[in-house]
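Working notes for the structure below.
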Amino acid sequence: MTGAGPARVRVEAAVRRIREAVARPLRIMEVCGTHTMAIGRHGLRSLFPPDLRLLSGPGCPVCVTPGSDIDQAIDLARRPGTVVTTFGDMLRVPGARRETLDAARAAGAHVRIVYSALDAVELARNEPATEVVFIGVGFETTSPTIAAAMKSAREGGVANFSVLPSFKLVPPAMTALCAAPDVRIEGFLCPGHVSAIIGVRAYAPVAEAAKVPCVIAGFDPVDILEGVAGIVEQVRDGRHEVVNGYPRAVHEDGNPAALALLEEIFEVGDAAWRGIGVIPRTGLNVREGWAALDARRKFGLPAPEPDDLPEGCSCGLVMRGVIVPPECPLFRGACTPAAPVGPCMVSSEGACAAYHKYGG
Ligand code: SF4
């Protein structure tokens with residue numbers, strides 16, 4: 001799958017394999033927003049046969065963050081003596097009250113953009129009289145870095161730092177998607193960066209439960225095309241195996257140090273996914289022993305609520321792979337990046353933003 005040779009030769013070979021293997025309508029999910037953007041940016045859909053449909057999944061961390069989490073962050077940012085820190089992507093996503101962190105900041109709430117959770121710890125260290133809260137969104141790619149920041153805060157005696165947790169897990173969400181009666185997915189293109197943390201073996205339960213092939217791929221066009229080729233060939237042959245198409249970054253057991261850190265600080269629990277609902281055992285909660293760094297416990301905040309999309313927005317259907325963005329009645333009409341209705345149009349990794357920018 002990762003044979004040597006000029007990229008053009010590999011691209012042509014992968015496209016040939018795809019066209020030869022697709023003999024009926026197939027639906028494959030690329031799961032992660034980074035793949036969605038890469039597929040659009042490189043125009044890869046134009047190389048596929050018409051019967052092959054690539055669906056975007058729930059892998060945009062900002063998109064699946066419940067609006068009630070954003071509301072809670074806004075409320076914290078309005079609290080005297082508290083600063084909420086976050087990645088820039090979160091600023092324009094409306095919460096359940098249709099308010100954004102950006103608008104709240106313009107109205108005087110204390111919101112600062114940081115480039116990492118460690119920056120937020122540093123801010124807390126430099127401003128000991130201020131409560132610094134970091135919005136902890138993301139999948140297995142980002143959660144270890146946030147866990148490392150929490151550990152650094154504790155070891156450094158930084159008591160005024162905490163995380164508002166909204167972490168999600170990719171493999172159990174894939175299994176749950178396949179079990180939904182209105183969802184039809186016949187293969188998964190698995191994200192290389194998440195897989196570098198969780199390892200190849202993390203997908204075995206997905207492939208076994210859903211009986212679909214899972215192929216891990218990097219983010220170069222040739223990685224993606226070879227990954228898709230591997231999936232459609234497995235479907236043609238009636239197989240459902242986990243294949244590592246990104247061995248230069250992904251190993252069987254993932255990153256043991258990152259996994260140990262996650263295990264130390266978090267425990268698996270149910271998670272609210274925006275537009276999808278509560279999916280059992282697809283989230284990470286802060287362990288009791290680390291409660292002092294959990295903003296939800298520290299400030300007495302309730303658990304997030306999942307189903308709070310704006311009226312008419314089909315982001316839930318897009319993120320579950322039931323439709324593709326142009327099938328939403330609001331796409332490119334009432335909903336554009338300049339005036340987004342749903343989170344999938346706001347985030348740079350959102351499926352609707354990708355389709356709007358690059359076309360289908
Ligand atoms: S086009 Fe807008 S409203 Fe429709 S699904 Fe996408 S983000 Fe939601």
Side-chain angles (χ1 to χ4, degrees), residues 27-41 43-45 53-71 73-74 86-103 135 137-139 166 168 173-174 176-177 180-185 189 271-279 304-360:
R27 297 165 63 90
I28 289 172
M29 178 174 275
E30 74 251 16
V31 185
C32 131
T34 316
H35 269 154
T36 302
M37 291 304 283
I39 288 164
R41 186 165 54 244
L44 301 186
R45 281 189 197 83
R53 196 169 213 216
L54 249 68
L55 308 162
S56 304
C60 156
V62 172
C63 304
V64 297
T65 299
S68 58
D69 277 358
I70 294 164
D71 291 351
I74 291 171
T86 182
F87 300 132
D89 246 17
M90 288 295 294
L91 286 194
R92 291 181 59 234
V93 185
R97 299 187 304 237
R98 307 291 161 247
E99 196 179 10
T100 64
L101 282 160
D102 207 19
I135 306 177
V137 302
F139 301 99
S166 193
K168 308 284 188 290
M174 293 162 64
L177 276 185
D182 59 339
V183 174
R184 184 166 72 84
I185 299 166
L189 190 71
W273 296 64
R274 192 173 205 177
I276 298 178
V278 173
I279 311 179
E305 305 275 341
D307 291 316
D308 50 16
L309 289 172
E311 189 152 346
C313 169
S314 306
C315 282
L317 296 175
V318 170
M319 292 188 288
R320 292 166 62 244
V322 177
I323 65 170
V324 290
E327 292 170 330
C328 170
L330 306 189
F331 181 75
R332 280 202 168 138
C335 185
T336 64
V341 174
C344 297
M345 191 61 92
V346 179
S347 169
S348 60
E349 291 202 348
C352 298
Y355 272 75
H356 189 279
K357 189 168 184 181
Y358 300 115

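Ligands are counted one by one from 1 in listed order, and the atoms in each one are counted from 1 as well.
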Open item on the list: To check you understand the geometry: which heavy-atom pair defines the closest contact between R332 and Y355, and what is its length?
Closed with: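 Minimum heavy-atom contact is NH2-O, 3.5 Å.
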TODO: For R184 and L55, work out which heavy atoms get closest and say how close.
DONE: O-CD1, 4.1 Å
Only heavy atoms of [X], strictly under 4.0 Å: list the atoms of ligand 1 that pass.
{"X": "C328", "value": "1 (S), 3 (S), 4 (Fe), 5 (S)"}
{"X": "F331", "value": "1 (S)"}
{"X": "C313", "value": "3 (S), 8 (Fe)"}
{"X": "M345", "value": "7 (S)"}

Task: Metal site atom 6 (Fe) of ligand 1: N/O/S of C352 inside 2.8 Å - done: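 So C352 counts as coordinating atom 6 (Fe) of ligand 1, yes.
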Open item on the list: I'd like to know if the side chain of R27 and the backbone of G321 have a donor-acceptor N/O pair within less than 3.5 Å.
Closed with: yes
Task: S347 and V93: CA distance, side-chain angles, deciding distance, side-chain contact (heavy atoms from CB on, under 4.5 Å) verdict - done: CA-CA 7 Å; S347 169; V93 185; 5.5 Å; no
TODO: Give the residue and atom name of whichever protein heavy atom lies nearest to atom 7 (S) of ligand 1, and the separation in Å to one decimal.
DONE: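 Here the nearest protein heavy atom works out to C315 SG, 3.3 Å.
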- [ ] Mind running side-chain contact (heavy atoms from CB on, under 4.5 Å) on M29 and V183 for me, showing each step along the way?
- [x] CA-CA 11 Å; M29 178 174 275; V183 174; 5.6 Å; no
Open item on the list: Just checking: C335, one of its N/O/S atoms, less than 2.8 Å away from atom 2 (Fe) of ligand 1, yes or no?
Closed with: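 Yes, since at least one N, O or S atom of C335 sits under 2.8 Å from atom 2 (Fe) of ligand 1.
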Task: SB check R320 D182 (cutoff 4.0 Å) - done: yes
